[in-house]
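Nothing here was measured: the structure is a model prediction, and the numbers come from that model.
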Amino acid sequence: MGDVNKLNTLPDLMRKCFKMGLFKIIPSQGLSKEKHQEPVEDNEQDDVVTAVIGNYGRWQLLMTFLLSLFSFPCTFHIYLPTFTAKMTNFWCRRPDNLSSLPLDHWINYSQPIDACYVRVLPAGITAESIMNYTAPILDSFQKCTEWDYDRSEVGDTVISEWNLVCDKANLTVLAEVVFLVGVGVGGVIGGWISDKFGRKKILMGMMVAQSALAILSLLVRSYLQYVVVRLFMGLVSVSVVYAAFVLSVELVGGPWVTIAGVCNFFPLPLAYVIVSLLSMIMPNWRDIQLALTVPGCFLIALWFVLPESPRWLLSVGRTQEAKVILEKAAKFNNKGNVIDLDKMLSLYKPEVRKEEPSVTMLFKGYLMKRTLCLFITWFSMTIAYYGLVLNIGKFNMGDLHMTSIILALVEVPAIALSIPILFKAGRRMPIFASMFICGAACIASELLSISFNDEWIMISCLMVGKFAIATTNMMLPIFTAELYPTIIRNLGVGASQISSGFALICIPYLWELTKLNIHLPMGTIAALSAAGGTIVLLLPDTVGSSKEMPRKSVTSPCNGTFTVTDDRGH
């Protein structure tokens, strides 16, 4: 914006703002008149926040790094059931008088059908008689009530603790369905409460709640208690992610908005690796839960370090609080004393809306097509991404921990690559290509596994698919935000998470399709991924600045007025 110290008078400042296009007249137009308008740049990098502290400096680097740490505990709790709720081999427990009988002999003799029913043992039977095949065989069975579990790959799990097998096997997915329902609901309301009460308060409040729930999960003594805790864990975890993400992008300007948003996802694969490694050295699910709860508790201390979003403070009229934050940030960034900061901040006026945004706006005019297409795309992407992430244990590809680590590390270059793609290739075609590649990789993994039956061939295909859909997972949130006008942007993004929530609910049941056909789960992921990518081609592309989008009115009360407020503040 130039040297702020030279702006000594308010008229000079206003002339400077008009020259740079900071003030824009937004014409009053209805939805029916906006079918052929071209995107117009917001130039929001020239707002006063950027003018005072710069697009990106040491202060923003420190704050965005600290905010990215909040993704760790959330990802821990999402990914933890991959190991703590993994189904392993089980068998009906041997009676005490047959404890010396080798396991394979016991299973062959007593459980020829499955481990849910055990053969009625004749009186006086011994381990020796079973081993030398002289034991009488009765053709009557009874339900098993006690089981032992294979602990060679994972240790004590929630399944082994509460015997979630046979008649209770369906309860295994209940906890994750409930957790993901919480994630879906929390995703819808997370943005709204963040806008109403502020980013920092919601972030830290939900972080406290998440830590408390994690500790509470260590104390539960029944499966019902565990399910209830998981429900609330899903609600608060996604709110932590939303608040941290929004706050990180509101502290930067210019192209750093996109970069900061994408970099906020880097902890995801690292968290997957940490969970996998801890599972290798901690056999008990409660021990793993405790180890992954401790880091989140330390993050609560960041209350005294992290700021509130100055853009949000300005949008709600809390100018003096924003001024204190900007002065500290400018000093940290070696920007020196800012002259006329009070005059510059006085230009920011809280937004007063004559009409509050409503859900019906999403289904009017050009927005109806965008909303429906995004619903389908978000559903497909969520099924593909979390279908692969949360079901790694279902592939039976040798060592679960090493497979998990390999597929997690694939996401690191995917996240890094998404940044130049977003800047150079737009949004629509990269999203289409990445989702289509994911679908093709899933199909290839099934075809090659039939032909070669080699686990490394399947792992290689899954690496390609995971890489592609992880790239989509970085780009789609940014693309979604750009497709909605400012007045209903949060509402549009939140509504898109409804379809994502439906997908999350379906994911625990995805592998139930193997009862119909063993290749059906991966075929479903492939079909939905390709379909979601194709739907994206029906949407308009947004290329340029991270907020370049049509200035289309949706009965906005701001029409015909000057606006100097950064869009991210609303």
Side-chain angles (χ1 to χ4, degrees), residues 78-79 81-83 85-88 153-154 173 176 268-269 272-273 275-276 377-415 417-418 430-476 503-504 506-536:
I78 291 174
Y79 197 57
T82 302
F83 302 97
K86 177 174 170 44
M87 178 63 74
T88 61
E153 189 173 35
V154 293
V173 297
E176 290 323 293
L268 269 64
Y272 298 152
V273 172
V275 174
S276 302
T377 304
W378 270 100
F379 182 88
S380 303
M381 189 277 291
T382 304
I383 286 286
Y385 180 77
Y386 285 103
L388 296 178
V389 168
L390 300 181
N391 288 293
I392 291 176
K394 304 291 198 309
F395 292 113
N396 296 320
M397 296 181 298
D399 191 285
L400 172 62
H401 300 93
M402 290 308 301
T403 303
S404 173
I405 292 171
I406 291 171
L407 294 181
L409 293 177
V410 164
E411 287 199 35
V412 176
I415 296 171
L417 185 62
S418 64
I431 292 176
F432 162 73
S434 60
M435 295 189 73
F436 195 84
I437 291 172
C438 175
C442 291
I443 290 294
S445 70
E446 294 300 294
L447 295 177
L448 294 175
S449 66
I450 296 173
S451 303
F452 299 99
N453 194 27
D454 189 323
E455 66 181 44
W456 280 105
I457 293 177
M458 192 172 184
I459 290 176
S460 300
C461 292
L462 290 177
M463 287 175 64
V464 174
K466 183 81 177 301
F467 178 91
I469 202 64
T471 306
T472 308
N473 191 42
M474 305 302 113
M475 297 186 291
L476 190 57
L504 289 171
C506 296
I507 286 169
Y509 297 102
L510 185 61
W511 251 252
E512 295 295 315
L513 296 175
T514 54
K515 296 177 180 178
L516 302 177
N517 186 285
I518 192 173
H519 302 293
L520 202 51
M522 289 295 281
T524 301
I525 291 176
L528 287 174
S529 185
T534 303
I535 290 293
V536 171

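The number of heavy-atom neighbours closer than 6.0 Å to CD1 of Ile518, taken from other residues, nucleotides and ligands shown, is 12 or below.
Considering every non-hydrogen atom in both Cys438 and Ser529, the closest pair reads CB-OG, 3.6 Å. The shortest heavy-atom contact between Phe436 and Ala530 is CD1-CB, 4.2 Å. Nearest approach of Thr514 to Pro521, heavy atoms of both residues: CG2-CG, 3.5 Å. Nearest approach of Ala408 to Val273, heavy atoms of both residues: CB-CG2, 3.9 Å.
Under the 30°/60° scheme for interplanar angles, the aromatic rings of Tyr272 and Tyr79 are found to be tilted.
You'll find the side chain of Pro269 reaches within 4.5 Å of the side chain of Ile415, heavy atoms only. Residues Cys506 and Ile383 form a side-chain contact, since some pair of their non-hydrogen atoms from C-beta on lies under 4.5 Å apart. Residues Glu411 and Val389 form a side-chain contact, since some pair of their non-hydrogen atoms from C-beta on lies under 4.5 Å apart.
Summarising the geometry, atom CD1 belonging to Ile469 is positioned 9.0 Å from atom CG belonging to Leu476; distances are rounded to the nearest 0.5 Å. Here Met435 contributes atom CE and Ser380 contributes atom OG; the two are 5.0 Å apart, rounded to the nearest 0.5 Å. Remark: His519 NE2 to Cys442 SG distance equals 13.5 Å, nearest 0.5 Å. If you take CE on Met381 and CD1 on Ile535, they are separated by 15.0 Å, rounding to the nearest 0.5 Å. The CD1 atom of Ile459 sits 12.5 Å away from the NZ atom of Lys466 when rounded to the nearest 0.5 Å. Taking CD1 of Ile437 as the reference point, atom OG1 of Thr471 lies at 8.5 Å (rounded to 0.5 Å).
Checked against side-chain hydrogen bond (donor to acceptor under 3.5 Å, both in side chains), Tyr386 has no partners two or more places apart in sequence or in another chain.
Checked by atom type and distance alone, the side chain of Thr382 never pairs as donor or acceptor with a backbone atom of Phe379 at under 3.5 Å.
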Item to complete: Determine, stepwise, if the pair Ile443 / Met522 fulfils side-chain contact (heavy atoms from CB on, under 4.5 Å).
Response: CA-CA 7 Å; Ile443 290 294; Met522 289 295 281; over 6 Å; no
* To do: Show the numbers, then the answer: is there a side-chain contact (heavy atoms from CB on, under 4.5 Å) between Leu407 and Leu388?
  => CA-CA 9 Å; Leu407 294 181; Leu388 296 178; over 6 Å; no
Inset, instruction - Go through Lys515 and Leu520 one step at a time and tell me if the side-chain contact (heavy atoms from CB on, under 4.5 Å) criterion holds. - result: CA-CA 9 Å; Lys515 296 177 180 178; Leu520 202 51; over 6 Å; no
Open item on the list: Could you walk me through whether Leu513 and Thr524 satisfy the side-chain contact (heavy atoms from CB on, under 4.5 Å) test, starting with their C-alpha distance in whole Å, then the side-chain angles of each, then the deciding distance to 0.1 Å, before giving a yes or no?
Closed with: CA-CA 9 Å; Leu513 296 175; Thr524 301; 3.6 Å; yes
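Within the structure, salt bridge (Lys or Arg N to Asp or Glu O under 4.0 Å) contacts touching residues 379-389 (residues at least two apart or in different chains) do not occur.
Residue Tyr385 is tested with Thr472, Ile525, Ile507, Asn473 for a side-chain contact (heavy atoms from CB on, under 4.5 Å); the sole match is Asn473.
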